[in-house]
2 protein chains.
Amino acid sequence: MNSRRQNVIDTAHKLFIEKGYQATSIQDILDGSGISKGTFYNYFPSKGELFIAIFRSYHKKLRQAREELLIGQDLADIEIFIKQLELHMMVNKQSKLLILIEEVRVSNDDELKQFINRIQLLSIRWVYSRFLDIFGETKKPYLLDSAILFLGMMTHLNHFNYKAKTISSPEIKVIRYCMNRIVHIVNEVAESGEQILDPELIDTWIPNFRCNLHTSHNDLLQSTLALKKATNKALPCSEDRTKAIELIDFIHEEITQSSKPRQFLIESLLNTLKTQYATIAQQYVENFEENINFCLNQLENEI
Amino acid sequence: MNSRRQNVIDTAHKLFIEKGYQATSIQDILDGSGISKGTFYNYFPSKGELFIAIFRSYHKKLRQAREELLIGQDLADIEIFIKQLELHMMVNKQSKLLILIEEVRVSNDDELKQFINRIQLLSIRWVYSRFLDIFGETKKPYLLDSAILFLGMMTHLNHFNYKAKTISSPEIKVIRYCMNRIVHIVNEVAESGEQILDPELIDTWIPNFRCNLHTSHNDLLQSTLALKKATNKALPCSEDRTKAIELIDFIHEEITQSSKPRQFLIESLLNTLKTQYATIAQQYVENFEENINFCLNQLENEI
DNA sequence: ATTACATTTATACAGGCAGTATAATGGAAA
DNA sequence: TTTCCATTATACTGCCTGTATAAATGTAAT
């Protein structure tokens, strides 16, 4: 049963928060969740995979919520970025995922280490891409450095601000403090031309990025064509038909052309497609959506 | 024998660098250094203490070399600070201590974790105190934040710069990059008055700081008085006597009054005392020096 | 040279860990 | 009822740190 599995995940998460990952033995988890060893290894191939399962469930929700904050907003608005950071910190505060990651990052489990590494890179890439939104293409050469600095500042300052429990500043203050710093930094380095790392590097660091993209784009193209065909059949009214086709084409282009497809846009448009033009044969829409998600996942490196 | 012990330390260090701390078993160390288990536990009470022994030997040398760079220099000179940072990075590069620390920081061994924690705090305090030298008392309220930001930036940027092996910037470029950033930051936050953490906090974070200082200062006073008495006896020439006494008093005050005694000054003066005024009974000078070192160690928290 | 002491070795052991293997048990669908 | 699958209990492998101990070796003093 799936709820049993989820119960194990929740129990383990609690224990990890209490005692730490390494210090929590599988026996502890068995005792805590009232299952037997056999069942545990039926659910998860290893302790490391259990951790990944915990992380994944949070990360997916977080990524969605983070993207939703962008809906209808100006991507260049720093305040929106700050809201996103607040969200991150809120989730991390209650789930203690960042603290656990710190611990797991250096565990014996090589697979787990690789996973964590990837997570960190993805978070750098996210900040980098948001900085690109905020500061614009002209500042691009300096934004990987800036993203790294920003995360370094945030991590450290947060850590010690957390240590100073009794008189610590609220999280939002730390966020704004670091944002104020980074805005100046970006302008400085752009002016002086100081660069440490070329932003191109980020893609080489994240494995599988864009390597299987070509084939999945091909699949997407197939399903797009099929969907358009079905649309032409389903919508006799020429006006509706044109609009629907335009919609489909836009989505397709957003995914294949943009280096960072706006997920919230795509979701909204897909919804329109499903509700407004319900006469289109469902199977084609579903197939289309499936391929879209596959591509998006690949862009996000399906962590 | 001590060289045997040192050999174990060196072997273990090599293995830790190759395979990591956790992945290196004590059996590996035994095989590598050709000793038996009994001898190992005769040398070190635990694997964690072995790690601490490795770290200590490097750290002590590093601290000395770092202080020596200050001799005869302007403490406010940023270039000197940069030289010190270069030294740090050079040592860390060959010994991989920072990487090992990252790993050990989250091990199961609570004592070890505490030790690492302390190391990190000491390094923050060091940067903070150097910032105080460089930026002056007027900027003091903002310098703990700045020290934390600086270390955060350096750590992160270095990490990823190291990752980009083939085309990575030299360390000195990273240091200068971060220094340029922090100079601007200090001025910014001083102007806008933004503060996250009160510098007073740093002393509360580092345990045992100044708690046993009183008694050791008392001991120092005793040996100072004894030395001055011996000096009076040993130096008939009134001029020499006055100079020697002034010297002793200066050292005593530097240690008891200054919150951060200048070690290079003290060392130099002690040397003068030993060579120029050799007629003073050796035992008193030695006792004096011993007490001085004890006090200094306590200030540095005898890691 | 012999005695006395400290260090070192070899080896067995305790207790804990992750993960495997397997036979017995339970419940649900066919 | 039988078949099938998830679950349980339990024992096991092989690894780890750290302890215990008796025998061997070296070393310094008598």
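Because the structure is predicted, anything quoted here is derived from the model rather than measured. To find a chain, count down the sequence lines: A is the first, B the second, and so on, and within it residues start at 1.
Here D:dA6 presents its P atom at 17 Å from CZ of A:Phe40, a figure rounded to the nearest Å. Rounded to whole angstrom, the span from the CD atom of A:Glu49 across to the P atom of C:dA18 amounts to 15 Å. The OH-P distance, from B:Tyr41 to C:dA10, rounds to 17 Å in whole Å. To the nearest angstrom, C1' of C:dG19 lies 13 Å from CD1 of A:Ile29. One atom, CG of B:Asp31, and another, C1' of C:dT11, lie 15 Å apart when rounded to the nearest Å. Between A:Gln27 atom CD and C:dG15 atom P there is a gap of 17 Å when expressed in whole angstrom units. C:dG19 atom P lies 13 Å from atom CZ of A:Phe44, rounded to whole Å. One atom, CD of A:Gln22, and another, P of D:dC16, lie 15 Å apart when rounded to the nearest Å.
Both the sub-6.0 Å distance and the 45° axial angle are not jointly satisfied by A:Lys19 relative to the ring of A:Phe16. Cation-pi contact between A:Arg66 and A:Trp126: present, with separation from the ring centre below 6.0 Å and deviation from the ring axis of at most 45°. By the 6.0 Å and 45° rule, B:Lys60 does not stack over the aromatic ring of B:Phe55.
Applying the 4.0 Å criterion to OP1 and OP2 of C:dT8, one finds that B:Tyr43 has a side-chain N or O inside that range.
Nearest to the side chain of A:Asn42, among D:dA6, C:dC17, D:dT17, sits D:dA6.
The distance from atom CD1 of B:Ile116 to atom CD1 of B:Ile52, rounded to the nearest 0.5 Å, is 7.0 Å.
Of the two residues contacting DNA chain C, namely A:Ala23 and A:Pro45, the nearest-nucleotide position lying further toward the 5' end is that of A:Ala23.
No side-chain N or O of A:Asn7 forms a donor-acceptor pair with one of A:Ser33 less than 3.5 Å apart. Under the 3.5 Å distance criterion, with hydrogens and angles disregarded, no donor-acceptor pair is assigned to the side chains of A:Gln6 and A:Asn2.
Closest non-hydrogen pair, B:His217 versus B:Ile255, comes out as NE2-O, 3.9 Å.
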Pairs under 3.5 angstrom, nitrogen or oxygen only, protein versus nucleotides 8-10 of chain D, please.
| unit_1 | atom_1 | unit_2 | atom_2 | d |
| --- | --- | --- | --- | --- |
| D:dT8 | OP1 | A:Arg4 | NH2 | 3.2 |
| D:dT8 | OP2 | A:Arg4 | NH2 | 3.2 |
| D:dT8 | OP2 | A:Ser36 | N | 3.2 |
| D:dT8 | OP2 | A:Thr39 | OG1 | 2.7 |

